[in-house]
Protein chains: 2
Amino acid sequence: MTMPRPNELPADLGRSATYLMVRLGKHAQASFTAGIEPLGLRPPHYDMLVTLAAGMASSQKDLSDVLRVDQARLVALLDEMEEAGFVTRSQDPADRRRNIVVLTKEGERVVARGRRIAADVERELVPLKGSQREEFTAMLRRLVDTARD
Amino acid sequence: MTMPRPNELPADLGRSATYLMVRLGKHAQASFTAGIEPLGLRPPHYDMLVTLAAGMASSQKDLSDVLRVDQARLVALLDEMEEAGFVTRSQDPADRRRNIVVLTKEGERVVARGRRIAADVERELVPLKGSQREEFTAMLRRLVDTARD
DNA sequence: TATTGTTATACTCTATAACTATA
DNA sequence: TATAGTTATAGAGTATAACAATA
């Protein structure tokens, strides 16, 4: 029997950007999930909070559009963040269908801590220096933007 | 209210390789899943079949090691592939705990069709030319290998 | 009629523990 | 004792449809 060495992969997978991206995405997800777990957050929570911190969303619909997360999922995620004291929801007087979502002081603090953890995880995940790292990130960004169209 | 344009993302996410890899991984997964759905396969099925086709695994344990897929998951996945007529399982006479998994003719045909679909999906997902595409794929491979240690 | 938020549901993926048969 | 395969279970992520309130 062939004894597969740890880093062997069939060529159809090991040379497939598709397969490698899926695999890397899962690894990145797992690392970041473990990193922020002590904050009481999972990745989609962090994404929401950071979006609010950047002022890029004020309603649940905004969050849904920016993050491409289903509206129905946001409800439970925001319930959890509200219960943790990281956000508040209040009806928009100008359009009473909408909820205005606001970061609390406590929410801002947890975002700051999350950012530091995100930076740590990223250094471990992508061990590249200076311009090489920036080029790689820029390439990822281009592919994501292409996919968003 | 700010009207977020489609491709805007908070800097904390849009410049995070971690976030972008997660997102790209999910998109790649979804595209490939949709692509091979007509073959009656999902990505983990294809990965198994292609690993068998490459001769890199003969038992379920081998598949588990190469693909880093839990042994318990393989059982159901192989059940489905066996029922579809793409693989056969038979007890290894030399070690009767082991199942020897073999691709059928039908299995080889579906692998060939899957490869073509994988190539199509990849072209759409990573619209780069020649050396740029190869460099990007090589970088992904390096990061995956780092993560595998 | 269309939109925002909500509820309910179901399916996949994943991880885990416990079992069996063999070694 | 340890290993290969199996079974059962439960949690997280995701997608969908249907509903209430409001526009």
Asks: Tell me which one of R141(B), E135(B), R142(B) satisfies side chain to side chain contact (heavy atoms under 4.5 Å, CB included) with M139(B).
Replies: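 One option only clears the test, and that one is R142(B).
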Asks: Using side-chain contact (heavy atoms from CB on, under 4.5 Å) as the criterion, list what pairs up with H45(B), not counting sequence neighbours.
Replies: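 Listed in chain order: L41(B), R42(B), M48(B), L77(B), E80(B), M81(B).
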Asks: Please state how far atom CG in D65(A) lies from atom C1' in dT4(C), giving the value in whole angstrom units.
Replies: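 Result: 11 Å.
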Asks: Is it the case that Q71(A) and S64(A) place a side-chain donor and acceptor less than 3.5 Å from each other?
Replies: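 Note: Q71(A) and S64(A) side chains miss the donor-acceptor criterion.
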Asks: Atom CG of L67(B) and atom P of dC13(C): how far apart are they, to the nearest Å?
Replies: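 Those two atoms, CG and P, are 14 Å apart.
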Asks: I100(B): which other cluster members, linking ILVMFWY side chains closer than 4.5 Å, directly or transitively?
Replies: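 In the cluster with I100(B) are V102(B).
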Asks: Whole Å only: how far is the NZ atom of K61(A) from the C1' atom of dT6(C)?
Replies: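 Roughly 15 Å, once rounded to whole Å.
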Asks: Tell me the interatomic distance from I36(B), atom CD1, to dT12(C), atom C1', rounded to whole angstroms.
Replies: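 Between C1' of dT12(C) and CD1 of I36(B): 14 Å.
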Asks: I'd like to know if the side chain of Q60(A) pairs up with that of R89(A) as donor and acceptor (distance under 3.5 Å, no hydrogens or angles considered).
Replies: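 Yes, R89(A) and Q60(A) have a side-chain donor paired with an acceptor closer than 3.5 Å.
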Asks: May I have the distance from N99(A) (atom CG) to dT6(C) (atom C1'), rounded to whole angstrom?
Replies: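 Rounding to the nearest Å, CG of N99(A) and C1' of dT6(C) are 10 Å apart.
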Asks: Evaluate the criterion side chain to side chain contact (heavy atoms under 4.5 Å, CB included) for residue pair R123(B) and D120(B); output intermediate values, then yes/no.
Replies: CA-CA 5 Å; R123(B) 261 189 298 278; D120(B) 291 344; 2.6 Å; yes
Asks: What is the distance, to the nearest angstrom, from the CE atom on M48(A) to the P atom on dG5(C)?
Replies: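 Going from M48(A) (CE) to dG5(C) (P), I get 13 Å.
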Asks: Encode nucleotides 7-23 of chain D as B, S and - characters from 5' to 3', where the letter depends on protein heavy atoms closer than 4.0 Å: B to the base, S only to sugar-phosphate, - to neither.
Replies: B-----SB-B----BBS
